[in-house]
Structures are given as C-alpha cells and as structure tokens.
Amino acid sequence: MKYFEYMGKSLFKEYGIPVPDGAVAETPDEAAEITKKLGSAVIKSQVLTGGRGKAGGVKFADSPEEAGKAAEELLGQEIKGYKVERVLVEEKLNIEKELYLAITIDSTKKSPVLIASTKGGMDIEEVPEEYIVKKNIDVLTGMEPFVIREIVSELGFDFKAETSKQFMKIVSKLYQAFRALDAELMEINPLVIADGQVIAADAKVTIDDCARYRQKDLPYVEEKTVIEKKAAELGLAYVELEGDIAVMANGAGMSMATLDILQYYGGKPANFLDAGGGAGSETMARAIELLLEKKPRVIFINIFGGITRCDDVANAITQVLGQQKIEIPVVIRLVGTNEEEGRRILEAQSLSAYNLMHEAAQKAVELARK
Amino acid sequence: MAIYVDGDTQVLVQGITGKQGSFHAGQMLAYGTKVVAGVSPGKGGQKVHDIPVYDTVQAACAEHSIHASIIFVPAAFAKDAALEAFHSGIKLVAVITEHIPVHDAMEIMAQAKIHGATVVGPNTYGLVSSGLCKIGIMPNNFFKPGKIGVVARSGTLSYEIVGNLLEAGYGTSTVVGLGGDRIVGLSFVDVLQEFEKDAETEAIVMVGEIGGNAEEEAAEFIKSSMDTPVVAYLAGKSAPEGKRMGHAGAIIERGKGTFASKESALKNAGVPVADLPFEVPKLLEEILTGRRGK
C-alpha cells in the first residue's frame with residue numbers, strides 16, 4: 001500500500017526524522033489559513049505517482065491569498081490520471097543541497113538495502129552509478145553504527161560536520177521505521193540541507209499489504225477500483241485492463257499467460273483475475289458476476305485444475321447462468337482435477353469446454369471480433 | 001538421479017491437521033512420498049492418514065529421521081514454523097503458505113543461511129522428483145519420470161507446461177516451484193546449477209514471469225556456466241506497469257522487470273523463448289535434436 005506524502009511525513013515525524021513545517025489542506029481556505037503561520041509556502045498536490053513537479057502539481061505562494069489561489073488550481077486537477085484531493089502546504093526551505101536516501105527490499109540479496117546519493121532531487125534511475133552508495137543490511141542485526149559510518153565515508157561526507165551527524169541519525173531512524181512498520185519502500189528524495197539542517201523534503205512510503213494484520217494503527221489508503229475492491233473482498237487478485245474479453249483463470253502465472261495468449265491472437269483482455277488457490281464454487285460464481293459488470297463482449301474461463309476443482313468451476317458457471325441471462329458468449333477451457341465431472345455438469349446445460357488453451361483463446365478472440 | 005529430493009527423502013508436514021495440510025499429506029502419500037510425521041501444536045498424539053502427529057518439530061525429530069519439511073501453517077505463524085524446522089536441523093524446508101509479510105521472509109532466509117538450510121518458496125507449489133518424492137501441492141498425475149528438469153515461478157502455469165511436455169512424450173526429472181513472492185529461498189540460478197550437475201537431466205524448461213531480475217541473472221549464468229540446454233517460457237507480456245499481477249513479485253516497477261528485458265537476456269544467452277506455452281515441447285525437440293546431431 002502506497003502512502004501519500006503527507007502520511008509518509010507524519011510517520012517520519014513520529015520516528016524523529018525532521019520534516020518541513022506544514023499541514024495538509026482539502027480546501028483553498030485551509031491552504032490560506034496554514035500559510036498565515038508559515039509566511040511563504042510550497043503547495044504540493046498529494047497524488048500516488050511520481051513526477052508531479054514536472055506535471056505542474058507543485059506551486060509556490062508568498063501570501064495566504066496566493067496560497068488559496070494555488071490550492072484552488074491544484075485541487076480537483078488530474079495528475080497522470082490521479083485526482084488531487086488534498087494539497088500539502090509547507091514552509092519554503094532555503095535549500096543548499098539535495099541528497100537522496102532510501103531503504104527498500106533487495107530480492108536478489110534477500111535483505112533490506114539502503115541507497116544513498118549526493119545527487120538528490122531527480123529519479124535515482126537517472127543518477128550515474130558512481131554517485132550511488134548501496135548497502136545491504138543484515139536483517140538479523142540491523143543498521144549497526146559501523147554500517148552508517150561506512151555509508152557516510154563512501155558518500156564523501158565530512159565526519160565532523162554537524163549535517164553529517166544529523167544525516168547519520170536520520171539513516172538510523174529511517175531503518176527503525178522501515179522495520180517497525182513492515183515497509184517495502186521508504187524513500188526521501190530529496191533529503192535536503194537547508195540552513196544547516198537536514199530535512200526530509202519528500203516522502204515515499206509503501207507498506208507491505210501482507211503485514212496489515214499486525215500494523216493495525218497505520219492508515220489505510222484505497223488504491224483499487226470498485227471492481228478490484230470487490231474482488232479483493234472475495235480474496236481474489238484482480239487487475240482492471242482496457243479490453244473487451246473478460247478473463248477468469250487460476251494461478252497468477254496462468255492468468256498472465258491467458259492474457260498474453262489472447263493478445264497474441266489479436267484479442268484485448270478486459271482484466272486479470274486469478275481465481276486460484278482453491279476458491280470454492282460460490283466464490284467463483286461471485287467472480288463471474290464481477291466479470292459481467294465490466295460489460296465485456298466475451299467471457300473466457302481458462303482453468304487447469306490443481307487445487308481448483310473443475311466441478312466447482314462448472315457449478316459456478318451454471319449457478320450464474322441459472323440466476324441471470326448472459327447475453328454474451330462464454331468460452332470455457334477446463335482440464336485437470338475432476339475434469340470429467342466438470343464437463344458433465346456443463347453438458348447438462350448445453351455448454352461445452354475446450355481441452356486446449358490456445359484453441360479456446362482463438363475462439364474467444366474470434367467471438368469478440370463479431 | 002534427481003535434484004534436492006529423491007526416493008529416500010523422509011518428510012515432515014507442519015500444519016498437518018489443517019484443511020490444506022491434511023489433504024495434501026494424503027496426496028503426497030498417494031504419490032509415494034515418505035511422509036513420516038506431522039506437527040500441529042496441541043494436537044500431539046493424533047494421527048492423520050495414519051501419520052503420527054507431534055506438538056513440536058523437536059519431538060517429531062526425536063522419533064524420526066527427517067530430511068525435509070513442508071509448511072502449511074497460516075502466514076502469521078509461518079516464520080516461526082520455518083525457524084522451528086531450522087533449529088531442529090532440517091535442511092530442506094518448503095513453505096507453501098501465501099501472503100507471508102516480506103520482512104518475515106527476509107528473516108527466514110537470513111536464518112536459513114546460518115543453519116545451512118535450503119528454503120523452497122514461500123508461496124510455492126513445492127517440488128517433486130517425478131516418481132520418487134513429491135513435497136508440494138501439485139496434482140499427482142502430471143509428474144511422470146523423465147529427463148526434463150523444470151523450474152518455475154508459478155504453479156498452474158507449470159502444470160500446464162508439464163502437461164504439454166507429457167503429452168509430447170517428455171517426463172520430468174525434478175520440477176521446482178520457486179514461489180511467487182518478492183523474497184524466495186531458491187533462485188533460477190540455484191536450481192539451474194543443480195540441474196547442470198544432474199546427469200539424468202537432459203534439458204531444462206524455465207518458466208519465468210515479469211518482475212524482479214531473476215530471469216536476467218539466470219541468462220547470465222546459462223551463458224557463462226551451462227552446458228545443459230535450456231528452453232524458456234515467460235508470462236506477463238501483456239501486463240501493465242505498476243500493477244501486481246497476482247504474485248507479490250510479479251510487478252513492473254519504474255521500468256524494471258519487464259518482459260522485453262527478460263526475453264532479450266535469455267535470447268542473448270542462446271535460450272529459445274516460446275511465445276505460447278504449448279510451443280515449449282517443440283522448442284525442446286529442436287534443441288535436443290540439434291544436440292544429438294552434433
């Protein structure tokens with residue numbers, strides 16, 4: 001789950017990482033009010049995407065009136081498809097230097113990795129290797145002081161400088177927060193030096209969804225569309241796409257391969273839906289109903305039964321057909337566990353199932369074109 | 001020969017009294033796996049499919065010689081279960097459980113390293129040395145002995161491909177599911193390395209997907225250190241950026257982990273990449289005929 005900048009900063013604050021003075025506003029009046037206390041202000045759109053500065057999502061104001069006007073322009077605007085519902089109003093910093101600092105997860109080394117650079121303020125992907133310091137952290141011992149000293153030394157900082165000491169403290173606290181909050185990413189870009197103080201001028205925080213059960217105090221941010229949310233309630237992974245062939249398959253890899261094969265034959269999948277993991281026929285019936293909500297031209301069901309049983313799938317299909325009239329073609333491919341039983345159930349409803357995935361996919365594409 | 005597990009491997013089932021644990025313990029027995037004990041705290045003394053159940057792994061290990069464990073316990077308790085297995089000296093642990101917090105997975109892997117244990121998964125269907133030993137949840141009937149090694153990130157898709165192979169007359173030596181999470185114990189490279197050493201594995205099918213860079217690393221390894229031919233299939237060509245496609249690890253982030261990057265890395269390493277799953281046996285046939293002709 002991704003957090004808005006203002007939420008990330010409030011977590012940083014809790015963990016003792018300095019952030020600029022400011023507050024979040026939902027109306028121009030609120031933005032003006034906050035600016036009264038700050039003097040000059042930066043008004044930043046709160047959206048779950050990067051590159052908002054370039055997209056015109058950040059404005060400056062020298063008075064409450066200007067702040068109100070800036071907020072009015074930003075609120076309700078769309079940035080890269082995300083609607084701005086809040087702005088963060090913050091003190092304008094006297095920036096001397098922009099650094100980069102992040103902790104994330106390294107899949108190859110199977111450990112947390114700290115990434116730091118003296119070139120902050122731009123995409124870290126665009127920073128040349130020689131300016132980047134990467135340190136894998138032993139998850140069992142944590143961010144030991146010697147590791148922090150190594151980072152400072154590799155970045156070429158002066159150990160005696162007051163700002164270096166502040167930086168070291170921030171590294172330690174960021175790691176503490178990263179571990180305590182089950183974060184997947186904590187990124188500060190830029191981490192600025194302003195008037196001799198090291199301050200987190202931005203915050204990107206992503207929390208592991210799988211850890212929600214033990215992070216109950218953390219706020220919840222809805223990133224899903226209505227249908228994605230309904231699918232999540234059924235315990236199924238769903239991703240909305242643009243096409244006209246609604247898809248249900250079982251297993252993440254198999255579901256991806258199903259979309260790929262439809263595209264290969266010239267079709268356009270409307271969604272990704274993994275109904276695997278042993279979902280029963282009731283859940284699958286609900287899933288098929290979800291597919292119908294998208295008003296597709298064809299429904300394509302591709303099942304290779306392992307834990308998922310073909311008879312459960314067939315029952316789910318007939319259950320939905322019994323409750324509502326489906327005007328569009330349903331193409332079914334059904335093999336694996338309890339295949340014969342599944343086919344028998346379908347045949348009783350004058351439905352048939354394909355054996356081969358590519359033949360079924362071709363049929364679905366052909367029907368979608370009609 | 002086979003890799004990781006064979007006909008002598010004695011297996012423990014952690015979480016054996018649960019719905020999944022008891023069902024799959026039965027399936028593994030039916031396949032011929034030597035399931036010798038189960039663990040379920042508070043259920044010690046019971047039997048599941050005639051397998052004795054113990055309260056702790058330590059107690060099970062005191063009575064039986066155990067080489068591998070398979071974990072079915074819920075996500076919140078999976079780390080504890082894995083550490084329990086390591087501490088009793090079990091050297092191969094397959095973690096079937098889905099949705100384990102990634103910080104727990106990192107701790108599991110760090111502890112495994114200290115204990116010299118191999119972890120398969122989490123979020124895997126397990127592994128099977130065909131005809132000898134199945135430690136996992138895959139359907140029994142598709143895994144017939146043969147000379148093709150299979151390594152995959154995804155379950156159902158590997159069944160599809162193993163099914164296609166079987167149809168074309170190819171059995172499998174060992175099939176390993178790496179798991180769909182961001183942090184998993186075995187990488188493609190680890191498993192390819194084992195297959196390379198296995199005299200009976202004639203060729204390897206690698207089933208990858210978008211996200212991470214395990215396929216790119218595998219390509220490097222194949223190019224530099226492998227003689228056994230490899231054929232690949234990759235899922236997720238049509239996946240949009242920034243969306244998790246079912247697996248926690250299957251996500252294109254900031255332009256990294258794309259289908260194109262994986263496909264070109266593998267092709268550069270001389271690995272044929274099938275466009276569609278059913279084309280895998282054909283590519284295998286071509287590469288094997290080419291080899292034999294040399």
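Order of the sequence lines sets the chain letters (A, B, ...), proteins ahead of strands, with each chain counted from 1.
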Glu184(A) with Arg244(B): basic N within carboxylate O range, under 4.0 Å: yes
Tyr125(B) versus chain A, the contacting section by heavy-atom distance below 4.5 Å: neither
Between CG on residue Asp138(A) and NZ on residue Lys113(B), distance to nearest 0.5 Å: 8.5 Å
Structural part of Tyr233(B) lying under 4.5 Å from a heavy atom of chain A: side chain
Contacting moiety of Gln27(B), where chain A heavy atoms sit under 4.5 Å: neither
Basic-acidic side-chain contact under 4.0 Å: Arg214(A), Asp104(B): yes
Under 4.5 Å from a heavy atom of chain B, the part of Leu236(A) involved: neither
Thr337(A)/Tyr159(B) under side chain to side chain contact (heavy atoms under 4.5 Å, CB included): CA gap, chis, key distance, verdict: CA-CA 11 Å; Thr337(A) 311; Tyr159(B) 313 160; over 6 Å; no
Met245(B) versus Leu259(A), closest heavy-atom pair with distance: CE-CD1, 3.8 Å
Salt-bridge criterion met for Glu253(B) and Lys204(A) (N-O under 4.0 Å): no
Residue, of Ala183(A), Ala249(A), Gly336(A), that accumulates the most heavy atom pairs under 4.5 Å with chain B: Ala183(A)
Side chain, backbone, both or neither of Lys237(B) within contact of chain A (heavy atoms, under 4.5 Å): both
Engaged part of Leu234(B) at the chain A interface, taking heavy atoms whose separation is under 4.5 Å: backbone
Glu359(A) atom CD, neighbour heavy-atom count above 12 within 6.0 Å: yes
Whether Thr156(B) side chain and Phe304(A) backbone form a donor-acceptor pair below 3.5 Å: no
Minimum-distance pair of heavy atoms, taken over all atoms of Gln263(A) and Ser238(B): OE1-CB, 3.1 Å
Pairwise distance CG(Asp274(A)) to NE2(His247(B)) - rounded to 0.5 angstrom: 7.0 Å
Spacing of OG belonging to Ser111(A) relative to CE belonging to Met109(B), to within rounding of 0.5 Å: 12.0 Å
Pairs of heavy atoms under 4.5 Å with chain B: top-ranked of Leu273(A), Asp106(A), Thr258(A), Ile261(A): Ile261(A)
Flag side-chain contact, heavy atom, 4.5 Å: Pro101(B) against Tyr213(A): yes
Arg254(B) vs Asp123(A), side chain to side chain contact (heavy atoms under 4.5 Å, CB included): CA-CA, chis, key distance, verdict: CA-CA 10 Å; Arg254(B) 300 182 177 190; Asp123(A) 263 358; 5.9 Å; no
Residue Lys256(B) versus chain A: region with a heavy atom under 4.5 Å: side chain
Aromatic plane relationship, Phe178(A) with His103(B) - under 30° parallel, 30 to 60° tilted, over 60° perpendicular: tilted
Smallest separation among heavy atoms of Val139(A) and Ala110(B), with atom names: CG1-CB, 3.8 Å
Ile161(B) versus chain A, the contacting section by heavy-atom distance below 4.5 Å: neither
Side chain / backbone / both / neither for Asn213(B) at chain A, heavy atoms under 4.5 Å: side chain
Asp208(A) side chain to Val102(B) backbone, donor-acceptor under 3.5 Å: yes
Under 3.5 Å: donor-acceptor pair, side chain of Ser107(A), backbone of Arg182(B): yes
pair Asp275(B)-Tyr264(A): side-chain heavy atoms closer than 4.5 Å: yes
Atom of Ile210(B), atom of Met256(A) and distance for their closest heavy-atom approach: CG1-SD, 3.9 Å
Worked check of side chain to side chain contact (heavy atoms under 4.5 Å, CB included) between Tyr265(A) and Leu276(B): CA-CA 10 Å; Tyr265(A) 288 120; Leu276(B) 302 171; 3.4 Å; yes
Heavy-atom closest pair, residues Pro277(B) and Met357(A): CG-CE, 4.0 Å
Glu125(A), CD: over 12 other non-hydrogen atoms inside 6.0 angstrom: yes
Under 4.5 Å from any heavy atom of chain A - which part of Val207(B): neither
Region of Glu209(B) in contact with chain A, defined by heavy-atom distances below 4.5 Å: side chain
Over 12 foreign heavy atoms within 6.0 Å of NZ, Lys294(A): yes
Atom pair CG/CE of Leu140(A) and Met106(B) - distance to nearest 0.5 Å: 10.0 Å
Least distance between heavy atoms, Gly305(A) atom then Pro139(B) atom: O-CG, 4.2 Å
Region of Ala248(B) that comes under 4.5 Å of a non-hydrogen atom in chain A: neither
